[in-house]
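Taking it in order: structure first as structure tokens, then the write-up.
Order of appearance sets the numbers: ligands from 1, and atoms from 1 within every ligand.
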Amino acid sequence: PNVTLIQHPLIQHKLTLMRREETSTAKFRQLLREISMLLAYEITRDLPLRKQLIKTPLGPMEAPILASEKKMVIVSIMRAGQGILDGILELIPSARVGHIGLYRDPRTFIPIEYYFRLPDDIEEREVLVVDPMIATGNTAVAAIQRLKQTNPLSVKFLCLIASPEGIDHFHSYYPEVPLYTAAIDDHLDEHGYIIPGLGDAGDRLFG
Ligand code: HSX
């Protein structure tokens, strides 16, 4: 399957701290920001470069810079995606930002859209969708479905923890969309929570 498990030791360590029940909101927020920077570093490994003629104080040089003409777009699935977005923006401050508001009906687990806003020229931009959790996978599928209507150049999805069920569900709809995650947990419970997971990411991030 089209899944990359990002297992840098610092990421694993920070994720463990985030999972702990006793970790405070402030600490959780800080860890999510740090871990998101590390994930972004890993995901952007293959960004194409081009050469540009520059002048250092001591002379000219053909130096590498990012090749894409158009800045990439980070799309945050509200509200927990905001925590990942903040971290990535520290690393890629010029990225453009989109927002998708989706909440999961607690009974049916069906995502309901309440907000959708993307930057201009989305057809010419690469998109990275971020949300800490893929539980049933319904939210991720709904987000990609909605995004694809706007025809971006490419789409990737980044989360922190995914369930095996969620990954299967996601890729049964969108096998071509690369999924990056820091962990694949054991299973989903009957309330659609990832076990062992870290609880409700939005609640842990915002209180
Ligand atoms: C949580 O539920 C996460 O941040 C996601 O937005 C969503 C994942 O649930 P699911 O749709 O994969 O079941 O609030």
Side-chain angles (χ1 to χ4, degrees), residues 1-6 11 14-15 18-21 23 25 28-36 39-40 43 73-89 97-118 127-148 155-175 177-207:
N2 202 354
V3 183
T4 307
L5 193 55
I6 303 179
I11 294 176
K14 287 176 194 297
L15 182 56
M18 288 177 73
R19 287 178 187 272
R20 280 186 180 156
E21 192 179 21
T23 299
T25 299
F28 189 92
R29 213 172 266 161
Q30 182 197 338
L31 287 163
L32 183 57
R33 208 180 56 236
E34 292 169 358
I35 222 171
S36 303
L39 289 168
I43 287 181
V73 178
I74 317 296
V75 172
S76 159
I77 301 182
M78 294 191 288
R79 59 185 172 141
Q82 216 57 29
I84 301 191
L85 172 67
D86 289 345
I88 294 184
L89 285 178
V97 175
H99 289 93
I100 303 184
L102 289 167
Y103 71 87
R104 205 176 68 166
D105 182 296
R107 205 173 39 82
T108 62
F109 304 150
I110 292 171
I112 298 162
E113 182 181 309
Y114 61 89
Y115 191 79
F116 186 79
R117 188 76 201 259
L118 296 180
V127 172
L128 175 66
V129 185
V130 300
D131 190 333
M133 315 293 272
I134 292 188
T136 63
N138 289 343
T139 302
V141 167
I144 299 294
Q145 215 159 34
R146 188 68 174 81
L147 258 176
K148 288 223 171 200
V155 185
K156 293 175 178 173
F157 199 103
L158 169 66
C159 68
L160 218 56
I161 304 180
S163 73
E165 296 90 335
I167 294 174
D168 286 350
H169 182 66
F170 183 73
H171 277 145
S172 71
Y173 279 82
Y174 297 112
V177 176
L179 185 62
Y180 298 84
T181 184
I184 300 172
D185 272 15
D186 196 60
H187 68 281
L188 276 187
D189 73 4
E190 66 277 19
H191 309 291
Y193 275 108
I194 299 176
I195 307 296
L198 48 69
D200 184 302
D203 288 353
R204 296 213 56 189
L205 185 61
F206 297 114

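- A cation-pi contact links R146 to F116, judged by a cut-off of 6.0 Å to the six-membered ring centre and 45° from its axis.
- Nearest heavy-atom pair across I88 and S36 is CG1-O, 3.9 Å.
- Summarising the geometry of Y174 relative to V141, their closest heavy-atom pair is CE1-O, 3.7 Å, with the distance given to 0.1 Å.
- A donor-acceptor pair under 3.5 Å is formed between the side chain of S76 and the backbone N or O of Q82.
- In F206, the CZ atom is crowded: over 12 heavy atoms of neighbouring residues, nucleotides or ligands sit closer than 6.0 Å.
- Using a heavy-atom distance under 4.0 Å as the criterion, the protein contacts of ligand 1 are A80, R104, D131, M133, I134, A135, T136, G137, N138, T139.
- The distance from the CD1 atom of I112 to the OG1 atom of T139 is 10.0 Å, given to the nearest 0.5 Å.
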